[in-house]
Each structure stands twice: as structure tokens, then as C-alpha cells.
Amino acid sequence: MMKVSKFGKKIAATSGIGQLMDDLGNALVESQDVLMLGGGNPAHIPEVQAYFRESMVKLLDNGREFERVIGNYDPPQGNREFIKAIAALLHNEFGWEINSKNVALTNGSQSAFFILFNIFGGTFEGGTKKKILFPLAPEYIGYCDVGLGDDLFVANRPQIEHIGEHIFKYHVDFDRIDITDEIGAICVSRPTNPTGNVLTDSEIERLNVLSRANDIPLIIDSAYGVPFPSIIFVEAKPLWSENTIVCMSLSKLGLPATRTGIVIANEEVISMVSQVNAVVSLAPGSMGTAIATDLVRSGEIITLSHDVIRPFYQKKATKAVGQLFEELEGLDFYIHKPEGTFFLWIWFPELPITNEELYQRLKNRGVLVVPGHYFFPGLAEGWRHENECIRVNYAQDEQIVTAGVKIIAEEVKRAYRAA
Ligand SMILES: Cc1ncc(COP(=O)(O)O)c(C=O)c1O
């Protein structure tokens, strides 16, 4: 057995999520017939992919441009032309007072969270420890294991608003929020993975006021937000200010494989992110920027997101919700109001089996979902709700989603009946 550091032990340990991801991946490899409603892969939307293909063909046909792109490292901050185009786009679209010095790229936004959480959380001078606060759990599964040290996160239960018979929505419970010296940053995903929640403008404004008053950043994970990929079905005002850090990504637009994350922040933060890039990976990859720069420059990325990507997913959400309403009729179930992302978060109160058991039963029938209890990083107290929810990805082809949802309904009914 090799001897490794505490960091080595922590990062390489088999985490629940690591195991789950392995499980999902292996199930896919072992059987072609798996109905994949787990994972976070975006759909392959032909109309969107046509743009990327055209962009690639242009690159190949443009003299020695392809060789230039693949043959040079970008600066640690990321590709200059792309950064300039992003800053201009956000300034023109939202009036944000930003320029190229407020933008850095990372290898996927996942690595931005690794960098930011360990900059604003962890051990500080004098030995004090600070944490990242998730004001509303459930939150994104991918945050769980990025801490270099232990106990990097703290989270709060939400308030639950019931909207209609089978729809609910989480809200930040501001009575539970206490920004002590122990909090180094606040973070929310908006729209939220796994729930499809979109924090309201007033919730975001209040969190921003709190973070400014305490001189800590508010990190807004906009992987599904505006202006791209715009997988958001309600009106929501995008916010950026000197103390906010907005993280964006090209992944959910349809380019997860290029690993392109975008951080919008004050110059001090951008400089730190760039330094970490230099140390950890020399530079962020260039391929995503080569494919997308013209789309950003022309603003087409916004129309594509708004006119093609958003309706594509909204239609799928409506269909999946409709099917669940039909097939679960008579049962006690609640779906989080689908306001964005491509997930449905379904809550089965008093479910006689745990969501882990439901996951196993569904897996045995060839349907993969993600049991909800993985989405509560930092929430210390046991809360039954954690074991009563599942996340369903509805991005796949219609036949797959329809067949998968049917089996989910069957297994849930069976579990309630057997009790
Ligand atoms: C909320 C959220 N944030 C960040 C990410 C990370 O995406 P990427 O590293 O591909 O940019 C994901 C991916 O699933 C996500 O769902």
C-alpha cells in the first residue's frame, strides 16, 4: 500500500458520489438497454450541433488557423479573444460594468468551484477555519467533494411552498441563515441542479446584501442560466456586482467535452483564478473557445439559447411532468416546480422505502436516476426529506424518457402498495 498524504486520502477515497458515478457508468457499459435518466449530460440537439460543426469546418478551412489553435497554449487567464467577446456580450446584454480583466476561463466550471471554494473556504491565517454556505439545500452534487480540507460546507434547509396539488417550490429560509465569522462565501446554483428551482430576484438580492455586509463573495453558479444556455423557464434578473462571482459554462449549451468554464468576478479574484490555472494546468483548453468565439461575438449564442435550447428542454419538461401526473394519479407525490435545468426533482413523502432502495429497484429494471440524498452537501442534521426525493434527467430522447418515467411510476406504486 503506497503512503499518501491526507489530501491524497481524501481526494482518492471512494466517496458516495464517486461510487454512484461509477455505478451509472458501468451500468451503461454493461447494457445497451439502460434508460439513462441519471447523470448530467445535456441533450444532443441537432440544430445546435449544426452550428458547432459549421464553426469547426470554418476553423479547418481558414488557412493555418486550426494549427494555430491546437499548437499554442492560451494564457492562464484563458483565450483573449473569447474573453473580450464574453465581456462585451455581458456588458451589452445586462449592462454589467465589466471588461476583459473581469473574466477568466477554467477547464469546465467544475474546476472553477474547486478553485473558488478552496480560496474562500479552508484554513485562514491565524488558524481560523471558514466554510462555504449553501443557503438552500438541496444543492449540486458536484460541490460535495471539492474541499481540500474536511467540513468545507454548511447548508440550510429550505422553506417549502406548496403550489397546487402536486407542485412545490423551495425558498431560502432566511430565519435559518446566520453569517458568522465562520462563513467565507455563499454559493447557490441558479437554476438549481438538482431541483430546477430558480431563486427569486428578491432572494438573490437579499443574499447579495448579506454577502456585501459581511465582506464575503456571493458565488452564483449559472451553468444553466442566462444569457446561455438559457435553460430557464421563468423571468429572473441576472446579477453581478463587485462582490459576486458568476460562474458560467459552455457545457449545457452542448459542449461538455470541450471543458470550458467562465468566471466573472472582480480583478483580484480573476487574478487568483488565473494563477491557480497556471499552477494546476498551465492554461485552460482552447478548443471550446475556438468553436464558440464567433457565436459569442455575433450574439448568436443568445438567440440560439433562447429560441432553440430553452424551448427544446421546456417542451420535454412539460411532457415528463404530464406523464408523471397521469401515471402517479392517486398517490402522494410532489414535483418541484420546473423552472429551469433539465431535471425533475420528485418528492415522495412517507415513501415506505428509502430513495437508495428505490434507486436499486429501478436499476434492476434498467432505469437509472439519482437518489436525492446525495444533494445535501453541508447539511448536518438528519432530515427525512433527503431520503424521499429522486432526481430524473429528462434530456434524453423521448422514447427513453417516456419508458423510464413509466417504470419509475410502477416501482413507486409498488412500494406504496406493499407498505
Ligand atoms: C449546477 C452545475 N454547476 C456546474 C456544473 C459543472 O459543469 P462543467 O464543469 O461541465 O462546466 C454542472 C454540471 O453538471 C452543474 O450541474
Side-chain angles (χ1 to χ4, degrees), residues 17-18 20-21 24-25 36-44 78 82 86 103-117 132 134-146 153 155 170 185-199 204 219-226 228-232 236 238 245-264 273 276-277 280-281 284-285 287-289 291-292 301 305 309 313 336 338-345 369-370 372 374-378 391-396:
I17 305 147
L20 176 76
M21 290 304 162
L24 295 179
M36 185 54 168
L37 311 189
N41 219 85
H44 293 192
F82 183 79
I86 286 283
V103 183
L105 307 185
T106 53
N107 287 310
S109 63
Q110 185 68 25
S111 37
F113 296 108
F114 180 81
I115 297 170
L116 294 168
F117 289 172
I132 308 299
F134 301 127
L136 194 170
E139 250 307 351
Y140 171 46
I141 199 168
Y143 299 152
C144 295
D145 288 311
V146 305
F153 305 113
Y170 292 128
I186 304 174
C187 176
V188 292
S189 60
R190 186 190 196 225
T192 308
N193 175 358
T195 55
N197 193 14
V198 174
L199 269 70
I204 288 288
I219 302 170
I220 303 173
D221 178 352
S222 192
Y224 301 83
V226 283
F228 58 82
S230 223
I231 312 175
I232 175 163
I245 303 175
V246 174
C247 296
M248 299 165 65
S249 169
L250 294 185
S251 294
K252 311 303 171 178
L253 189 75
L255 293 170
T258 66
R259 313 306 302 124
T260 314
I262 304 159
V263 182
I264 319 291
V273 171
V276 180
N277 272 342
V280 176
S281 50
M287 217 53 226
T289 66
I291 292 172
I301 197 166
S305 299
I309 297 176
Y313 286 112
H336 192 286
E339 299 182 313
T341 71
F342 37 70
F343 307 108
L344 288 184
W345 178 253
V369 300
V370 183
Y374 289 110
F375 295 91
F376 294 82
R391 191 195 75 177
V392 174
N393 177 331
Y394 57 78
Q396 299 298 310

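Not measured: the values here are computed from a predicted model. First listed ligand is number 1; within each ligand, the first listed atom is number 1. When a residue number appears, it is its place in the shown sequence, counting from 1.
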**Message:** Nearest non-hydrogen contact with atom 13 (C) of ligand 1 belongs to which option: Lys252, Gln110, Glu139, Met248?
**Reply:**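 The option holding the nearest heavy atom is Lys252.
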**Request:** Would you mind telling me if ligand 1 is within reach of the side chain of Ser109, the backbone, both or neither, using heavy atoms under 4.0 Å?
**Result:**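 For Ser109, the contact with ligand 1 is made by both the backbone and the side chain.
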**Asked** Taking N or O atoms only and a 3.5 Å limit, does Thr260 qualify as a polar contact for ligand 1?
**Response**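 Between Thr260 and ligand 1 (N or O atoms, distance only) the closest approach is not under 3.5 Å.
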**Request:** Assess the pair Phe342 and Tyr224: is the distance between their ring centroids shorter than 6.0 Å?
**Result:**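 Centroid separation for Phe342 and Tyr224: below 6.0 Å.
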**Message:** Using the ring centroid of each side chain, check whether Tyr143 and Phe153 are separated by less than 6.0 Å.
**Reply:**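 Distance test on ring centres: not under 6.0 Å, no.
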**Asked** What is the minimum heavy-atom distance between Thr195 and Pro138, and which atoms define it?
**Response**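 For Thr195 and Pro138, the tightest heavy-atom pair comes out as CG2-CG, 3.5 Å.
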**Item:** Test item: side-chain donor near acceptor, Thr192 and Glu139, under 3.5 Å
**Value:**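 No.
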**Asked** So, Arg190 and Asn197: side-chain donor and acceptor under 3.5 Å apart, yes or no?
**Response**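 The answer is no; no qualifying pair exists.
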Tell me, which protein residue and heavy-atom name are nearest [atom], and how many Å apart are they?
{"atom": "atom 5 (C) of ligand 1", "result": "Tyr140 OH, 3.4 Å"}
{"atom": "atom 10 (O) of ligand 1", "result": "Ser251 OG, 2.6 Å"}
{"atom": "atom 2 (C) of ligand 1", "result": "Asp221 OD2, 3.3 Å"}

**Prompt:** Side chain of Ser230, backbone of Val226: donor and acceptor closer than 3.5 Å?
**Reply:**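 Between the backbone of Val226 and the side chain of Ser230 there is no qualifying donor-acceptor contact (under 3.5 Å).
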Under 4.0 Å to a heavy atom of [X] - the qualifying atoms of ligand 1, by number:
{"X": "Asn193", "answer": "1 (C), 15 (C), 16 (O)"}
{"X": "Ser249", "answer": "8 (P), 11 (O)"}
{"X": "Gly108", "answer": "9 (O), 11 (O)"}
{"X": "Arg259", "answer": "8 (P), 9 (O), 10 (O)"}

**Item:** Approximate separation, where rounding is to 0.5 Å, of Ser111 OG and Leu116 CG
**Value:**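 Reported value, rounded in 0.5 Å steps: 10.0 Å.
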